[in-house]
Amino acid sequence: MPELPEVEIVSRQLRENIPRGTRITEIEFLTPALRTVVDKATIQRLVGEPLEAISRRAKYILFHTRRGILLSHLGMTGTWRFDDGPLIKHDHLRIYFAAGPSCVGGKGAKGAKAATCTLIYNDPRRFGQVALLDLDHQRFADLGPEPLGPDFSGASFYEDCRRSKATIKAVLMNPTVVVGVGNIYASEVLFRSHVRPGRRANRVSKKESALIVDSVRKVLSEAIAAGGSSIRNFRGLDSAQGHFQKRHRVYGREGEPCPTCAEPIRRTVLAGRGSFWCGHCQK
DNA sequence: CAGGGCGCCTGCTCGC
DNA sequence: TGCGAGCAGGCGCCCT
Ligand SMILES: [Zn+2]
């Protein structure tokens, strides 16, 4: 479900609702089918540990403890929710946190008391992932810079484009170039940059690549500010939907008039993924 | 070895 | 109302 803005929102909500120092009291695997890299017994070493931090890198959510890092990737359809009620279909993992005045998870869910500290991972398609990382892990060694951080620069992006034989859309979605740009935001970024998704990256000018970098920052920041894009099943932990999908200019709008020139938006398939663009506004 | 194709899963929508 | 086809926010593997 998520590209970077949606993962960032979930990560922030987890951070806001589970204070630093809250203890993990139980980790319960509910189905055998969840794709998990370490065996379930190993993950149990986190039980009893206080959470030191919750962070995000690329599209991974990281729960830090002294004895390791619980990694969560949401795949296409993963969601976390606070819920101490009965399980529903496709719940795969349940984490109990120590109850107490410090853990306010679930607050605002529906007012009332109901402060629960039970966190449930649900994922119908099971493309998501849960794993345990050692403190000195090198899991992210090959990943490119964060798109909203200082290392994602016009100069380095232009170099990556120049060296590539792939399309600009593929380069933009290549996590060794920059992380977090998925299929929705790639189309949105390229529309704002006036560059067709199928253009060879090595035919993108320095000026255009600078505009693309700028558009990545703008589109992702705007999406985060809008609570993400809720298409299909994305929900925040408070069940609130994002509303950035209303501001998608081309994604999912095949045949609709281009917001700039009114020409019908086109859809083509690149690397197996739907790509939306305007033949008049993008060259 | 970079890059494209495909499989992994379930669920939803659309056309007949 | 039922049914099959096509589609879906990611990513890793395999082939060229
Ligand atoms: Zn246009």
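So you know, we letter chains A, B, ... as the sequences are listed, proteins then strands, and number each from 1. Given the structure is predicted, the values throughout are model-derived calculations rather than measurements.
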Q) So, the side chain of A/Arg23 versus the backbone of A/Gly48: is there a donor-acceptor pair under 3.5 Å, distance only? A) yes
Q | Flag for A/Ser187-A/Trp277: side-chain donor and acceptor within less than 3.5 Å | A | no
(Q) If I compare all heavy atoms of A/Gly274 with all of A/Lys169, which pair ends up nearest, and what's the gap? (A) O-NZ, 3.4 Å
Q) Does any N or O in the side chain of A/Thr22 come within less than 3.5 Å of the main-chain N or O of A/Pro19, such that one atom is a donor and the other an acceptor? A) yes
Q) Can you find a side chain N or O atom of A/Arg267 that sits less than 4.0 Å from OP1 or OP2 on C/dG6? A) no
Q | Near-ring test A/Tyr251/A/Phe191, centroid separation under 6.0 angstrom | A | no
Q: Could you tell me the separation between the CD1 atom of A/Ile184 and the P atom of C/dC7, rounded to a whole number of Å?
A: 17 Å
Q.
Treating A/Glu188 as the side-chain partner and A/Val250 as the backbone partner, does any N or O pair qualify as donor plus acceptor under 3.5 Å?
A. yes
Q. Can you name the nearest heavy-atom pair linking A/Gly128 to A/Tyr121, along with the distance?
A. CA-OH, 3.5 Å
Filtered N/O pairs between nucleotides 13-16 of chain C and protein, under 3.5 Å:
none

Q. Reading nucleotides 2-9 of chain B 5' to 3', which nucleotides get B (base under 4.0 Å from a protein heavy atom), which S (sugar-phosphate only), which -?
A. -SSS--BB
Q. Could you write out DNA chain B as a dot-bracket string, with dots for unpaired bases, | for bases paired across to another strand, and Watson-Crick or G-U pairs counted at under 3.5 Å?
A. .|||||||.|||||||
